[in-house]
A.B. asks: 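Could you have a look at this structure, given as structure tokens, before my questions?
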Amino acid sequence: MLVVMRSSATDCEVRAVCEQVEKLNLNAHLMRAASRTLIAVTGAKGALQALAFEQLAGVDEIVLVNKPYQLASREANPAGTTITVPGTTAVFGSPELVIMAGPCAVESKEQTFAIAERVAAQGAQILRGGAFKPRTSPYSFQGLGLEGLKILAEARERYGLAIVTEALDHEMVPVVEEYADIVQIGSRNMQNFSLLKRAGRARKPVLLKRGMSATLEEFLTAAEYILSEGNSQVILCERGVRTFNDHSRNTLDLNLIPMVKRLSHLPIIVDPSHGTGNSASVTPLARAAVAAGCDGLIVEVHNDPAHALSDGDQSLNFAQFDEMMQQLRRIAPALDRRVPQPQPATVGTIAQ
Ligand code: PEP
Ligand code: MN
């Protein structure tokens with residue numbers, strides 16, 4: 001059950017609802033979003049208990065949600081959630097798509113700056129790059145760690161990009177939150193519940209990637225973990241699932257986009273890099289993702305893909321990234337969406 005408070009509701013009225021929840025031996029999960037305050041009441045046995053809340057001051061409506069996720073459900077915010085990224089023009093869930101681009105892993109300052117410069121020049125608002133890498137083999141490059149975070153932060157200052165980077169476990173959230181603008185939770189961690197809960201107490205938006213064999217219900221219920229801890233800023237990301245096919249690393253499930261739009265109010269972006277595993281397929285699938293109605297993309301781009309320390313096969317080189325952006329600019333208007341315009345002013349500050 002969701003108790004939706006009026007936008008004018010006072011803290012005192014919100015507290016009174018939470019006290020009523022406790023009195024009935026139920027549990028309250030408070031979520032304050034920009035547009036409204038919601039209290040998810042769990043443990044309720046049925047519609048009858050709604051009566052105990054309807055008459056309380058400041059309550060707008062009671063919504064009964066019969067799903068394992070409530071705060072993530074469309075009913076919690078039928079108008080759709082938008083998430084702004086301070087310091088940039090990026091607004092997830094707005095008509096303008098959010099483009100996140102950058103290397104799989106931060107390898108060096110030179111590499112990161114060269115890529116940041118190019119993706120910023122093409123209009124990307126957010127720089128991606130792993131400082132802590134979840135690698136299948138313990139012998140593969142694990143990332144630069146804290147040094148990687150510092151390089152990303154420097155790139156933010158220099159190129160005016162926001163930063164998204166991954167936290168691998170709950171203990172890592174505070175340091176990632178300190179340096180990054182968006183905390184990424186990777187596919188392998190979609191059901192790492194202690195990480196989800198800690199991210200739910202972070203003050204930054206969370207990019208939640210779909211587990212590689214997660215159903216939509218499991219995906220939205222993972223988002224619920226973050227929301228139920230009070231963080232209303234969750235961005236979903238489809239990045240492909242494991243199937244029997246052997247022609248791509250994963251199968252990018254674009255079916256998910258319209259279903260997420262129906263069942264949830266959260267913005268959803270697509271990762272065509274991990275979704276395909278090969279650079280030749282990235283742009284076609286990015287086009288398809290935009291056509292299917294995604295709110296943005298996260299794409300791996302490298303200045304020298306052949307020598308990348310991770311995921312070079314699926315990284316676009318600069319010319320391919322430029323071409324992808326140009327193509328998306330032609331497709332987006334057909335869906336009443338926009339792709340950010342190039343920012344040529346940022347070009348040419350770094351020698352490559
Ligand atoms: C990544 O984006 O760096 C990454 C590791 O992706 P995923 O968690 O989707 O495998
Ligand atoms: Mn990668």
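Counting convention: from 1, in listed order, for ligands and their atoms alike. The structure displayed is predicted, hence computed values, not measured ones.
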A.B. asks: Flag the pair E177 and R198 as a salt bridge only when some basic side-chain nitrogen lies within less than 4.0 angstrom of an acidic carboxylate oxygen.
C.D. replies: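 Here E177 pairs with R198 in a salt bridge, since their nearest N and O are under 4.0 Å apart.
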A.B. asks: Is the shortest heavy-atom distance from the side chain of Q233 to the side chain of V206 under 4.5 Å?
C.D. replies: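 Heavy-atom side-chain distance check fails, nothing below 4.5 Å.
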A.B. asks: Quick check: do L2 and S73 have side-chain heavy atoms less than 4.5 Å from each other?
C.D. replies: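 L2 reaches S73 side chain to side chain.
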A.B. asks: Do H302 and E107 have side-chain atoms, one donor and one acceptor, less than 3.5 Å apart?
C.D. replies: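 The criterion, which ignores hydrogens and geometry beyond distance, is satisfied for E107 and H302.
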A.B. asks: Show me the pairs that pass ring-ring contact (aromatic ring centres under 6.0 Å, His included) and involve residues 246-275, at least two apart or across chains.
C.D. replies: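 Checked against ring-ring contact (aromatic ring centres under 6.0 Å, His included) - neighbours excluded - no pair reaches residues 246-275.
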A.B. asks: Apply salt bridge (Lys or Arg N to Asp or Glu O under 4.0 Å) to R15 and list each qualifying residue two or more places apart in sequence or on a separate chain.
C.D. replies: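 Checked R15 against salt bridge (Lys or Arg N to Asp or Glu O under 4.0 Å); zero matches.
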A.B. asks: Protein residues near ligand 1, heavy-atom distance below 4.0 Å?
C.D. replies: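 Ligand 1 pocket, heavy atoms under 4.0 Å: R128, K133, P134, E166, Q184, G186, S187, R188, K209, R239, H274.
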A.B. asks: For D271 and R210, run salt bridge (charged side-chain N to carboxylate O under 4.0 Å, His left out): C-alpha distance rounded to whole Å, both residues' side-chain angles, the deciding distance at 0.1 Å, then the answer.
C.D. replies: CA-CA 10 Å; D271 174 349; R210 181 185 181 185; over 6 Å; no
A.B. asks: State, yes or no, whether a side-chain contact exists between D181 and I126 at a heavy-atom distance under 4.5 Å.
C.D. replies: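 Sidechains of I126 and D181: no contact.
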A.B. asks: Is there a donor-acceptor contact under 3.5 Å linking the side chains of N192 and S194?
C.D. replies: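 Indeed, the side chains of N192 and S194 share at least one donor-acceptor pair under 3.5 Å.
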A.B. asks: For the Mn ion (ligand 2), what is the number of protein N, O or S atoms at a distance under 2.8 Å?
C.D. replies: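 If we list every protein N, O or S atom nearer than 2.8 Å to the Mn ion (ligand 2), we get 4.
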